[in-house]
Structures are given as C-alpha cells and as structure tokens.
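Structure record follows, encoded as structure tokens.
So you know, we letter chains A, B, ... as the sequences are listed, proteins then strands, and number each from 1.
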Protein chains: 2
Amino acid sequence: MAKASTKPKLDLVRGDDSYATIPEAFRNVLGYHLRVAQEASFQAFSAAVDKADLKPGWYSILTILSEYGELTPSDLSRVCGRDRSTLTATLKGLVIRGLIERHQNPDDQRSYSVRLTDDGHKMQRRLHAIAHKHDQRLDEIAGDDKDVVLAVLARIVNALGTG
Amino acid sequence: MAKASTKPKLDLVRGDDSYATIPEAFRNVLGYHLRVAQEASFQAFSAAVDKADLKPGWYSILTILSEYGELTPSDLSRVCGRDRSTLTATLKGLVIRGLIERHQNPDDQRSYSVRLTDDGHKMQRRLHAIAHKHDQRLDEIAGDDKDVVLAVLARIVNALGTG
DNA sequence: AACAAATATTTTGTCATCAAACTATCTTGC
DNA sequence: GCAAGATAGTTTGATGACAAAATATTTGTT
C-alpha cells in the first residue's frame, strides 16, 4: 500500500544483472542489506574455493582446529557459532577424506574429540590462502569503515544471540 | 599453527551460550562476522514470525508485490536478489494459501505474473509489523553507525555481485 | 543398587540457497 | 515454414542452517 502512485515496474528489465532495484520498503533496512551482503560474500568465497575443488564449509572447522588443537564437536559448534547437528555431516566427510581424526574420550564413551591430521593442516593452509584473499577484498571495500562495521556486527550478535 | 603457544581450550565451557570465544583467526574478518550477524538477525526475525505461525520467507515476496503490484517470477527474483528456482516452492505455497494469485500472460504461454490477493495484503501488513519491530531493534543496536554500515554493505554487494 | 536426570552426539524434518539440467514456448534467420 | 537458438519456469541435487526427537552414556538421588 502506502504510496501506490509510483510503481517502478519498468526499470527492472536490465541487461546486466547487478541488483537493479531495491524495493523502497527495504532501502533503509539493515536486516535486508545484511542478508544480501552476506550472501554475496559467501558466494564469492564459495566460488573461489570451488575452483580449487574444495568445500567452503571445511575452512572454518579446519582453522578452528588448527588454532585450538583438539575439540569435541560440541565445543567446535560453540566456537564456530553453528548448531551441533550442522557439524555432523561435515565432520564425517573430513574424517573420510583423512583431514581430521577422531579420538575417543577414555573417560566418557559418548564423547570424542577431533584434531587435524597432517593432510588436514596442509588443507587448512590452502583454504586459508583463499580465505585471506577474500578477506583482503572485503577489507578494501570497507576501507576506513571496517572497524565500525565490525563493532556493529558484534553488537548485533551480542544483542540477539548466536541462535 | 602460527602461535601454538596459547590454546584457549579452557574458557570455552560457559554456562550461558553467548558466543564466548571468537577464534583469533576470525577476530578481524568481516566475512565471518557478517555470516554470524546475519544468522543472528535472521533467527531473531524467524522466531518472531514463527510465534505468529507464519513463514519468514513470505515477507520479502509479499512486500515486493505490495510495492510493485504485479511481477513475473523472474522479475521478482531480480528484485529480491534470489535465484529464480528459489522462488518456485514459496510461490506455490503462497498460491495454495490464497495469498497471491497467478495471471497467465496472454501474449506468452510460458509466462505468468503474480499479485497479492486481499488476504495477501492483510498478511503482508501483519508480517510488516513484525519486521518493522525487528528493524527498529537493529537500528537501535547500530545507532549512529547505521548509515556507515548500510553504505559498506551496499558496496560489498556492488563489488561482489548478487550471486 | 536402581531409577531419574543431565549430557554428547546423531538422526530426521523443514527451509533457504545456488547451479545445472530439463520442458515448453517463443523468436529469429534462412 | 521450419529448424536453431533464446527465454520462462520448474525440477533435481548439493550445501548449510536450525530445531526437535532419538540414542547412548554418565551422573545424581534416594
């Protein structure tokens, strides 16, 4: 409703596919721009990783393990900010590919931890190189505003929770 | 690798579930914070919509239609920045629920357009009320930095493309 | 010691996203 | 007028996410 006077139907038809028309209702809406920017960023990283025949989902897990050494799936899920159940399939794949190995916890039969293998370390470095290039690109785009943006994003996460 | 000296394993175990420990490797990385913040924002909106027994995916489509009046799935996909194939299922659901209706294009048998029904308009307003509250919350969190953040997010999308 | 409660992980179901393959239809060029 | 190519939409398959239910095991209580 609102202002039904101007219906911008026409300029939708554009040859290039850059995102032509932002609906008026979303123009000032952080959530919308957050979603679109995150999707763009992920797709760009994904494409770069894909060219090397790797999976984008591996990067964060391998990197966290390279930093923390050894973690249970639950701790890993807390650190990377995703639900535990999301990790199961990825971890299974990483084990199969020999990039991580499981260690049964001798004190608790329910629990195990994962750590990088040598191949896992190598793969982490490969992925990190790709990720780092992507980060640099984002940093250039953000320029001097980077710190402000990081601060706002952190406030959003703290205020709304991780999920 | 890098600095294997301090492995912060310990403070992971926290009673609350606010995101405790950001891996050092991600602390300054826009892409990571973008992903986590977007996920948090989406989950918060999703939860609010869910309480009213609605679907978050409906909101953007209904709102775009309320603004543009009548669109083909392809144009809708361009406006909302998602792939065409993503819309198929949602549009089907919206038709079934009587929130939108399809109109065959008389000049092209392949093509149709969708527009809101009266129920669709009502539903759009309900969802908008929820979305608006969510937006206000994000606006409060962003405070004076909102415009800077919006500008950076827009630059990211323009530089990396919509997907 | 036994049963209840908490915890660690997996499984299942839903949804959103893209890309690529497929179908149907329209347009173009010859 | 007909075949080739472009376009609109759908389907299928992969990935990634959550939540809720199911399993297995440990801990705590009486």
May I have the distance from [X] (atom [atom1]) to [N] (atom [atom2]), rounded to whole angstrom?
| X | N | atom1 | atom2 | result |
| --- | --- | --- | --- | --- |
| Gln43(B) | dA20(D) | CD | P | 11 Å |
| Asp83(A) | dG16(D) | CG | C1' | 11 Å |
| Gln38(A) | dA16(C) | CD | C1' | 12 Å |
| Leu87(A) | dT12(C) | CG | P | 18 Å |
| Leu34(B) | dG16(D) | CG | C1' | 16 Å |
| Gln109(A) | dT7(C) | CD | P | 19 Å |
| Lys51(B) | dA19(D) | NZ | C1' | 17 Å |
| Glu39(B) | dT15(D) | CD | C1' | 14 Å |

Within residues 142-151 of chain A or reaching into it, pairs that qualify as salt bridge (Lys or Arg N to Asp or Glu O under 4.0 Å) - sequence neighbours excluded: Asp139(A)-Lys146(A), Asp145(A)-Arg155(B)
Counterpart residues, side chain to side chain donor-acceptor pair (under 3.5 Å), relative to Ser113(A) (two or more places apart): Glu70(A)
With sequence neighbours excluded, tell me which residues meet salt bridge (charged side-chain N to carboxylate O under 4.0 Å, His left out) with [X].
| X | value |
| --- | --- |
| Arg97(B) | none |
| Asp119(B) | Lys122(B) |
| Lys133(A) | none |
| Glu140(B) | none |

Ring pair (Phe, Tyr, Trp, His ring centres under 6.0 Å) partners for Phe26(B), two or more places apart: Tyr59(A), Tyr32(B)
DNA chain C contacts among residues 54-64 of chain B, heavy-atom distance under 4.0 Å: Lys55(B), Gly57(B)
side-chain contact (heavy atoms from CB on, under 4.5 Å) against Ala44(B), all qualifying residues, sequence neighbours excluded: Leu160(A), His134(B)
Partners passing side-chain contact (heavy atoms from CB on, under 4.5 Å) against Asn105(B) (at least two apart in sequence or in another chain): Asp107(B), Asp108(B), Ser111(B)
If you restrict it to nitrogen or oxygen atoms, what contacts under 3.5 Å exist between nucleotides 1-5 of chain C and the protein, and what is each distance?
none

Short side-chain N/O contact from Ser85(B) to OP1 or OP2 of dT10(D), under 4.0 Å: no
Phosphate OP1/OP2 of dA16(C) contacted by Arg35(A) side-chain N/O (<4.0 Å): no
Every protein N/O lying under 3.5 Å from an N/O of nucleotides 5-9 of chain D:
| from | atom 1 | to | atom 2 | distance (Å) |
| --- | --- | --- | --- | --- |
| dT7(D) | O2 | Arg110(B) | NH1 | 2.2 |
| dG9(D) | OP1 | Tyr112(B) | N | 3.4 |
| dG9(D) | OP1 | Tyr112(B) | O | 3.2 |
| dG9(D) | OP2 | Ser74(B) | N | 3.2 |
| dG9(D) | OP2 | Ser74(B) | OG | 2.6 |

